[in-house]
Amino acid sequence: MSKTLKYISNFLAVIAIVLALGCEDDDLSATAVNVASVESDNFYPGDEVTMQGSNFEAVLFVFLENNQIPFQLDGDVLTFILPTNAAIGPGVVTLVMPDGYIETSNIEIVARPFPIITALSTSAAPEGAEVTLKGTSLNNVQSVRIGEVEASVVSSTATDLTITVPSGLEENLEAPITVVTSGGEATAPGKFFVGENLLQNGGFEQGDGDEFTNWSKFNGGDGMTATSAEGEAYYGRSLRAVGVGGDAWRTQLASDAAETQAGVEYTLTMWIKGQAGSPGDGGNIRFSTTPDALYSGNYDITAEWQQIEWVFTANTNPASAVLDLGVVADAVYFVDNVTLVATGLSGPQPTEIL
């Protein structure tokens, strides 16, 4: 009786209806409803709650605090969906039966984890191409944007989210990828370009053993191997390089020649980190091109993944992108997603009339 009095103030209108129904069916009101178990103690807003028990056919209403919730019965199983706006914290689920009889269960409603994006399958992709994001809490997606344009979701799990690059975005320009889930909003780290990566196999996914399709080991080849080990690979398969030392060119990996136009601006990027405790953690590397070599400045490398960028104006066609990693002896680097984009050709181009 005390249990009923404790909660009856929350359901006066409902209890009045229940009492009226109970007068018509005394047998049903006498049925004892028993909740044997609740599927979990902790739920996210929007989750399905499953209760196991007996005599659930007597249940007329289900409440979370003062809010009535639709429910479904399947024999000894009662299920309902928590509201997406359910308050975070302890909650009381109340089953209401005829004659004002109730049963209560305590649950905990916790906030959905905030989404975190740790890596992209590629740093550049044209309209219609698929891009996969890696991270945590990437399910329960509400929307994904590239720039300000909505992208369609191909598949979604807690750790992998695959999307399609939409139309309507200016080519060869940076466009951030933003994911909105029921737990919050996250933007992919680094720069993502809408457009074609002019370097084939820039993500190093293709190749047998320690070889990389569409890439050549100019110098220090024995120190360049493939890795997919957790903590070493940025996404999938990555390059592990050990510096020979002395000069940057002594450890050197070059792409196949890419179509470039002299006088046009290009942006060359890659993700890189040094192995903690090795000379490469705090060492430096550079980019270059071949033939008619151009050279970037030096980039300081740390033990954390970073996307480094070199903007240059091409001086020949075609040209290869070269990674010069050899200046620090025994430096260990991990490299992925090497990307060359013709940023100087971004947007609509003038049409030659004559």
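Worth saying up front: this structure is predicted, and the values here are computed from it rather than measured.
Here the side chains of Thr251 and Val242 are not in contact, with every heavy-atom distance at 4.5 Å or above. Ile146 is listed as a side-chain neighbour of Pro166, based on a closest heavy-atom distance under 4.5 Å. Taking the side chain as every heavy atom from C-beta outward, Val93 and Met51 approach each other to under 4.5 Å. In this structure the side chain of Val180 reaches within 4.5 angstrom of the side chain of Glu185, judged on heavy atoms. Using a 4.5 Å heavy-atom threshold, the side chains of Phe63 and Ile102 count as separate. Here the side chains of Leu325 and Gln252 are not in contact, with every heavy-atom distance at 4.5 Å or above. Side-chain contact between Met224 and Leu253 is present, with at least one heavy-atom pair separated by less than 4.5 Å. You'll find the side chain of Phe204 reaches within 4.5 Å of the side chain of Val338, heavy atoms only.
Leu268 and Phe212 fall within the same hydrophobic cluster, defined by Ile, Leu, Val, Met, Phe, Trp and Tyr side-chain heavy atoms under 4.5 Å apart, directly or through other members. Grouping the Ile, Leu, Val, Met, Phe, Trp and Tyr side chains by contacts below 4.5 angstrom, directly or via other members, places Phe192 with Val144. No chain of hydrophobic side-chain contacts below 4.5 Å, direct or via other Ile, Leu, Val, Met, Phe, Trp or Tyr residues, connects Val131 to Leu173. Cluster membership for Leu138 and Ile116, using ILVMFWY side-chain heavy atoms within less than 4.5 angstrom, is not shared. Under a hydrophobic-cluster definition in which Ile, Leu, Val, Met, Phe, Trp and Tyr are linked whenever side-chain heavy atoms come within less than 4.5 Å, directly or via other members, Val311 and Val264 are assigned to different clusters.
Using cut-offs of 30° and 60° for the angle between ring planes, the Tyr299 and Phe287 rings count as perpendicular.
Atom-to-atom distance recorded for Asp76:CG and Glu57:CD is 8.0 Å, nearest 0.5 angstrom. Atom OG1 of Thr316 is separated from atom CD of Gln261 by 12.0 Å, given to the nearest 0.5 angstrom. Remark: Thr339 OG1 to Gln307 CD distance equals 7.0 Å, nearest 0.5 Å. With rounding to the nearest 0.5 Å, the separation of CG in Leu82 from CG in Leu64 is 6.0 Å. If you take OG on Ser288 and CG on Leu323, they are separated by 8.0 Å, rounding to the nearest 0.5 Å. In this structure, OG on Ser121 lies 10.5 Å from CG on Leu161, to the nearest 0.5 angstrom.
Minimum heavy-atom separation, Ile107 to Phe43: CG2-CE1, 4.0 Å. Summarising the geometry of Pro45 relative to Ile88, their closest heavy-atom pair is CG-CD1, 3.8 Å, with the distance given to 0.1 Å. Across all their heavy atoms, Ala124 and Val341 have their closest contact at CB-CG2, 4.0 Å. Contact between Leu198 and Tyr266 at its shortest, heavy atoms only, is CD1-CE2, 3.7 Å. What you find for Val328 and Pro279 is that their closest heavy atoms are CG1-CB, 3.6 Å. The minimum heavy-atom distance linking Pro318 with Pro291 is given by the pair O-CD, 3.8 Å.
Side-chain contact, Glu265 with Thr343: a donor N or O sits under 3.5 Å from an acceptor N or O.
No donor-acceptor pair under 3.5 Å is formed between the side chain of Asn197 and the backbone N or O of Thr122. Side-chain atoms of Glu205 come within 3.5 Å of backbone N or O of Arg237 as a donor-acceptor pair. Not a single donor-acceptor pair under 3.5 Å links the side chain of Asp336 to the backbone N or O of Ser238. Using a distance-only test at 3.5 Å, with no hydrogens or angles considered, no donor-acceptor pair links the side chain of Glu108 to the main chain of Gly91. At distances below 3.5 Å, at least one donor-acceptor pair connects side-chain atoms of Asn201 with backbone N or O atoms of Thr213. When atom types are taken as modelled, the side chain of Asn55 and the backbone of Ala32 share a donor-acceptor pair closer than 3.5 angstrom. Proximity of a side-chain donor or acceptor of Ser320 to a complementary backbone N or O of Ser255 within less than 3.5 Å is detected. In this structure a side-chain-to-backbone donor-acceptor pair under 3.5 Å is present from Gln306 to Asp300. Formation of a donor-acceptor pair under 3.5 Å by the Asn140 side chain with backbone atoms of Gly183 is not found in this model. In this structure a side-chain-to-backbone donor-acceptor pair under 3.5 Å is present from Asn317 to Thr260.
Counting non-hydrogen atoms of neighbouring residues, nucleotides and ligands closer than 6.0 angstrom, the CD atom of Glu304 reaches no more than 12 such neighbours. Counting non-hydrogen atoms of other residues, nucleotides and ligands closer than 6.0 Å to CG of Asn42 gives a total above 12. Sparse packing is recorded around CD of Gln200, with 12 or fewer heavy atoms of other residues, nucleotides or ligands lying under 6.0 Å away. The neighbour count for Asp74 CG, taken as heavy atoms of other residues, nucleotides or ligands under 6.0 Å away, does not exceed 12.
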Exercise. For Thr132 and Thr162, run side-chain hydrogen bond (donor to acceptor under 3.5 Å, both in side chains): C-alpha distance rounded to whole Å, both residues' side-chain angles, the deciding distance at 0.1 Å, then the answer.
Key: CA-CA 4 Å; Thr132 298; Thr162 300; 2.9 Å; yes
Quiz item: After noting the C-alpha distance and the side-chain angles of Ser346 and Phe193, does the key distance pass the side-chain contact (heavy atoms from CB on, under 4.5 Å) rule?
Solution: CA-CA 10 Å; Ser346 60; Phe193 295 89; over 6 Å; no
Exercise. Give the C-alpha distance, both sets of side-chain angles, the deciding distance and a yes or no for side-chain contact (heavy atoms from CB on, under 4.5 Å) between Lys134 and Asp160.
Key: CA-CA 5 Å; Lys134 276 196 168 295; Asp160 295 88; 2.8 Å; yes
Exercise. Please report the C-alpha distance between Glu170 and Val194 in whole Å, then the side-chain angles of each, then the deciding distance to 0.1 Å, and finally whether the side-chain contact (heavy atoms from CB on, under 4.5 Å) criterion is met.
Key: CA-CA 7 Å; Glu170 199 167 1; Val194 177; over 6 Å; no
Practice problem: Kindly indicate, with the supporting measurements, whether the criterion side-chain contact (heavy atoms from CB on, under 4.5 Å) is fulfilled by Leu294 and Trp310. | Solution: CA-CA 11 Å; Leu294 298 170; Trp310 178 35; 3.8 Å; yes
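Sorted by first and then second residue, the salt bridge (Lys or Arg N to Asp or Glu O under 4.0 Å) pairs with a member in residues 270-291 read Arg286-Asp324; sequence neighbours excluded.
Aromatic ring centroids of Phe218 and Trp249 lie 6.0 Å or more apart.
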